[in-house]
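Nothing here was measured: the structure is a model prediction, and the numbers come from that model.
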Amino acid sequence: MKLQNKDLKQKMNNKNNISFLQVAHFPNDDRVWFHQADTLMNKGYDVSVISTRTNHSDLESVFCFDDTRMPKKLVSQKVSDILANIKPNIIICDNPLAVYFVSKYRKKHQKDVKVIIDITEWYPSKKNLVNLNFLSRIVKKTILHCMNIYSGFIVDGFIFGEYHKAKMFKRFFKRKPFVDLPYYPDLKYIDKGKTKLDFSTWKVLYSGSLTNEKGFDNVIKAMQNCANENQCYNFELNIISNDIPDENQKSEIEKMPNNIVLKFHKFLPFKEFCKKIANYDLFFDLRIKDKENNKCLPIKLFYYIACGRPVIFSNLDAISLQVPEINEMGNLINPNDYEKVSKIIADYIADNDKYYKHSAAAMQYSVEKYNWSNISDNFLNFIENECH
């Protein structure tokens, strides 16, 4: 998208002109577009989003291009050209590479621009190191770690999504301003669903990649076990993913008893996803508890509890730490303990009051604590301080 010259001039003269630079996320990323950018625009800020993940977007004030197979020098130049036209007062970056591009732009074009980094991912992450031999992994991990530290020196402030990912930056950059901004949803996007459920068929949801690491294999085996042990009830396992099961997963799916039906759904746009998930009775996320997953707070958790439904999640340290009331609105379990999953669901079947109690607690905590409205002013105050 190209802004008209008049619009560009207005942006350049506006001290409340903010750009998001997304090199790891699409322009319609829910954290940015539907929460941070939306909040800023509602307060009168001029907001633009730059993304290097796609060539096209129908959203307003979005500049995007696909950097696939593009040399980093050329990506940096294209980003710099866009920023030079917009001349934002603040640039919010989504990872260290974005900070690097902005540092080149700031040095050449706009020395007074403020730069903020939103820390939501591990960097380096295990996904950055796949398919590399031992030596290559060490080299790349060292380079990425140095970029992480470099970004901390360059930026003027931090936005932190969760506790563990913030620790290093808070330790090394104590004097730099920051705001803690967890992944809470804006409840205006969430449908509450039915207050009374039809327990003749239990509708369970898994959403995400169909990988063993993300826990899809565990969900299949857990539901297989659950349906076998509760033959008097019907189950519907709904799967929202663009992936296709591999051969081993297909083999396990074929072993499902007759009282369980699998339904596959493609990923939906953000607003449609938020409305659709209210149709389900129970939410699963049984990702493997490895070192990285254990310290990562799943974003979907807050969307699930906002629907007022119980959850069954892997017993990750990040959840226990940042959602201490979790046992009042669901269950944290060993993701390989399929018998435990069966028992949890059997307890809900035998005691509907327990189900409704967990549902009510999920709704209560979502309304009182885990929602965007409760933290959006913190974000705005942080941005206002950075603007001036």
Would you confirm whether the ring centroid of F173 sits within less than 6.0 angstrom of the ring centroid of F153? yes
Listed partners of [X] passing side chain to side chain contact (heavy atoms under 4.5 Å, CB included), at least two apart:
| X | value |
| --- | --- |
| L262 | I220, L237, I239, I253, M256, I260, F264 |
| V75 | T52, F65, D67, M70, V79, F101 |
| D112 | Q110 |
| Y150 | Y100, S103, I154 |

Heavy-atom count check: over 12 atoms from other residues, nucleotides or ligands less than 6.0 Å from [X] [atom1]?
| X | atom1 | result |
| --- | --- | --- |
| K271 | NZ | no |
| K176 | NZ | yes |
| H265 | NE2 | yes |
| N258 | CG | no |
| K340 | NZ | no |
| L74 | CG | yes |

Under the salt bridge (Lys or Arg N to Asp or Glu O under 4.0 Å) definition, can you give me all pairs with a residue in residues 357-371, not counting sequence neighbours? E325-K369
Should the pair W372 and F379 be assigned to parallel (<30°), tilted (30 to 60°) or perpendicular (>60°) ring geometry? tilted
When the ring planes of F158 and F169 are compared, do they come out parallel, tilted or perpendicular, using 30° and 60° as the limits? tilted
I349-V341 co-clustered via ILVMFWY side chain contacts under 4.5 Å: yes
If two hydrophobic side chains count as joined below 4.5 Å and joins carry through other members, does F267 share a cluster with L205? yes
Polar side chain donor-acceptor pair, D66 to T68, under 3.5 angstrom: yes
Cut-off 3.5 Å, side chains only: do D46 and N17 have a donor facing an acceptor? no
To check you understand the geometry: which heavy-atom pair defines the closest contact between P96 and M147, and what is its length? CB-O, 3.7 Å
Looking at side-chain heavy atoms only, is the closest gap between [X] and [Y] below 4.5 Å?
| X | Y | value |
| --- | --- | --- |
| I18 | P88 | no |
| N230 | W202 | no |
| V311 | I326 | yes |
| I116 | F382 | yes |
| H35 | S376 | no |

Sequence neighbours excluded, which residues qualify as salt bridge (Lys or Arg N to Asp or Glu O under 4.0 Å) partners of E339? none
Which residues share a salt bridge (Lys or Arg N to Asp or Glu O under 4.0 Å) with K289, sequence neighbours left out: none
Run K343 and D337 through salt bridge (charged side-chain N to carboxylate O under 4.0 Å, His left out) and show every step you take. CA-CA 10 Å; K343 185 178 186 309; D337 192 347; over 6 Å; no
ring-ring contact (aromatic ring centres under 6.0 Å, His included) pairs, two or more places apart, involving residues 278-302: Y184-F302, F283-Y304, F302-Y370
For N218, which residues count as a side-chain hydrogen bond (donor to acceptor under 3.5 Å, both in side chains) partner, sequence neighbours excluded? N336, Y338
Residues that D217 engages under side-chain hydrogen bond (donor to acceptor under 3.5 Å, both in side chains), provided they are two or more places apart: Q249
Please list, one pair per line, the donor and acceptor atoms closer than 3.5 Å that link side chains of residues 20-28 to other protein atoms, with sequence neighbours excluded.
unit_1: H25; atom_1: ND1; unit_2: D94; atom_2: OD2; d: 2.9

Residues clustering with W122 (ILVMFWY side chains joined when closer than 4.5 Å, directly or via others): none
